[in-house]
Amino acid sequence: MSLIGIVMGSTSDWDVMKEAAQQLKDFGVAYEARALSAHRTPAELEAWIADMEQRGCKAFIAGAGGAAHLAGVVAAKTTLPVLGVPMPSKHLQGLDSLLSMVQMPKGIPVATFAIGDAGAANAALFAVALLALEDAALAAKLRAFRKEQADKVIATKLPD
Ligand code: RP5
């Protein structure tokens, strides 16, 4: 069962969205990743969302760039949590993606993360945190991950 659906507007988004996939893999969370566009393949996107819901998906991570409507469209089609990742776009460096994604109208929320790699990884970590609410083993892994990060910071010495 794929607990998380990762969707991106184009295969050109994969270089960023693979960060989300890798993070889920690291936590042993089953996911399915697809390139489906709100603009270019709206019917296929809608069908996939319904199918994922039927197959037990718990949340979606949606990455898109430019006039980034994908996360909003996913949120319009499901009541599952939708985590949006703005892509660093060619002309406006992702500011267009961020504003398109974050400025959702009242009533249809998208939890929007940082532009690019950090946003993709953090969306996956947030998805892990959501799943960890009902999964003690996953919650323990998340705590261990945080501790590992903290230990690295503390162990790092600044140059003299
Ligand atoms: C968006 O347009 C995609 O999410 C992508 O970030 C951007 C460019 O897509 P391509 O022209 O590379 O397919 O829909």
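Computation of the quantities below employed the complete heavy-atom set of this structure, encompassing side-chain atoms and omitting hydrogens, waters and symmetry-equivalent molecules. Along the sequence shown, the residues carry numbers beginning at 1. Read the numbers this way: they start at 1 and go in the same order the structure lists the ligands and their atoms.
Distances between N or O atoms of D13 and those of ligand 1 include at least one value under 3.5 Å.
The nearest pair of heavy atoms linking L138 to A132 is CD2-N, 4.0 Å. The two residues T79 and E53 come nearest to each other via the heavy atoms N-OE2, 4.0 Å.
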Please walk me through it: do E134 and K58 pass salt bridge (charged side-chain N to carboxylate O under 4.0 Å, His left out)?
CA-CA 11 Å; E134 307 283 334; K58 301 288 187 205; over 6 Å; no
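Of the protein's heavy atoms, S12 OG, 2.7 Å lies nearest to atom 12 (O) of ligand 1. For atom 1 (C) of ligand 1, the closest heavy atom belonging to the protein is G65 O, 3.3 Å. For atom 10 (P) of ligand 1, the closest non-hydrogen atom on the protein side is S10 OG, 3.4 Å.
Heavy-atom distances between R40 and ligand 1 reach below 4.0 Å in at least one pair.
Per-residue contacts place A64 under 4.0 angstrom from the following atoms of ligand 1 (heavy atoms of the residue considered): 4 (O).
Side-chain contact between V16 and P88: present, with at least one pair of heavy atoms (C-beta onward) separated by less than 4.5 Å.
S2 places no side-chain N or O within 3.5 Å of a backbone atom of A30 that could act as its donor or acceptor partner.
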